[in-house]
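Scroll down for the structure; my scribbles are underneath it.
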Amino acid sequence: MKKLSIVSIFLMAVLCFSSCGKSFRDGAKEKGFNSGIALAAGSFLDPNVAKIVKENSYIVVSENSMKWQNLRPNKTFWNWNDVDQLIKFADENGMIVKWHTLFWHQQNSNFISSNWTREEALAAMDEHIETIMTRYKGKIKEYDVVNEMFEEDGSFRQNVWYKTIGPDYIEHALIKAREVDPDAKLYLNEYNNEEKGNRKADAMFNFVKDLKDRGVPIDGVGMQLHLDTSYNYSEEAVRRNIQRYAEIGIDISFSEVDIRVPMDSVEAHQALQTERYLSLYKLAAENSNVKSVITWGWTDKGSWIPATFPGKGSALMYDAQGKPKPVYNEVKKFLCK
Ligand code: XIL
């Protein structure tokens, strides 16, 4: 009897510490990058969620609270509460906070107008940057300054800022942001921009290189990486893209990672999903200019995927019950090595 219980205690210990003795986030840190999670407003106030976030993140970002629609529903009302709470939580737990996003074509406030003159739009942009970046100087360490500025064919997206100001709205925002908080890292964030040879990815690289050549302040490029196992993925093309950014001194963030699968064949897609998650974490470990890997949420329950891509889901590494899936353990095993 006694022997049996010693054996079972030993087995339990082996199970608990089977991957290794360090946390997911420390494993990533030792490989040279920060792992992180995008968080729904106030979600981290739940102690069970806080525990998961502390285990996995050295960088956090708001999933929605920093967007105009939520932060600033009208011109003079600023809803700082969600972001302040996130910063407090991050400070208490040794995490850095990233801003997503200063400018975008979605989730804007109604008062933003495509009838603004160039001067009016520039003034609105400046006011937004000044108010946020002054308030959070030293507290928000990096910013997505502009999100999703390209179309798939590599042309500029005709968002309200492009229409009112013109293509130089991006450099205007970057210059202003640097002026207000010179220590903050400034990123441009995109999707489908990860593979060298893709039209959008190449257009973005050429654009960023041109900014660098002309001395416009920019530190990094975000690759959202909302992947889908039904589409092609070339690790080599992503690697070559990361490397060409390294050559021009640009950092990379894997900024919104999730890998969706068809809900009618989740199991059949599991191996491929695991392979791609591993590929991303390996690329981050391999390339010193990749500074962070952030997943867009942590549990399948809260994920934006099912509502946005009908029939797709199971895109994160924790299931809908908040339990780590086999893919999580595989990635953790890699981070522990
Ligand atoms: C998504 C959020 O996850 C959803 O909750 C919201 O309804 C819409 O926006 N690319 C981005 C993110 O840059 O801001 C988006 O987040 C997902 C796609």
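Whatever order the structure lists them in is the order used to number ligands and atoms, beginning at 1.
What sits closest to atom 1 (C) of ligand 1 on the protein, heavy atoms only, is K67 NZ, 3.7 Å. In terms of protein heavy atoms, atom 3 (O) of ligand 1 is closest to E63 OE2, 2.5 Å. Ranking the protein heavy atoms by distance from atom 11 (C) of ligand 1 puts E256 OE1, 3.0 Å first. Residue, atom and distance of the protein heavy atom nearest to atom 8 (C) of ligand 1 are Q107 OE1, 3.3 Å. Here the heavy atom of the protein found nearest to atom 5 (O) of ligand 1 is N64 ND2, 2.9 Å.
Considering all non-hydrogen atoms of both residues, D228 and R276 come closest at O-NH1, 3.3 Å. In this structure, A50 and F89 approach most closely via the heavy-atom pair CB-CE1, 3.8 Å.
In terms of modelled atom types and a separation under 3.5 Å, the side chain of T164 and the main chain of V160 share a donor-acceptor contact. Not a single donor-acceptor pair under 3.5 Å links the side chain of K312 to the backbone N or O of T308.
Within the 4.0 Å heavy-atom shell around ligand 1 one does not find Q106. At least one heavy atom of W104 sits less than 4.0 Å from an atom of ligand 1.
Rounded to the nearest 0.5 Å, atoms OH (Y281) and OG (S35) are 6.5 Å apart.
Note: an N/O pair closer than 3.5 Å links W296 and ligand 1 by distance alone.
Heavy-atom contacts from other residues, nucleotides or ligands closer than 6.0 Å to CG of N74 number more than 12.
Both tests pass for K29 against the ring of Y58: distance under 6.0 Å to the centre and angle within 45° of the axis.
Remark: ligand 1 atoms within the under-4.0 Å shell around heavy atoms of E148 are 10 (N), 11 (C), 13 (O). The atoms of ligand 1 that sit less than 4.0 Å from any heavy atom of H100 are 11 (C), 12 (C), 13 (O), 14 (O). Listed by number with element, the atoms of ligand 1 under 4.0 angstrom from any heavy atom of N147 are 11 (C), 13 (O).
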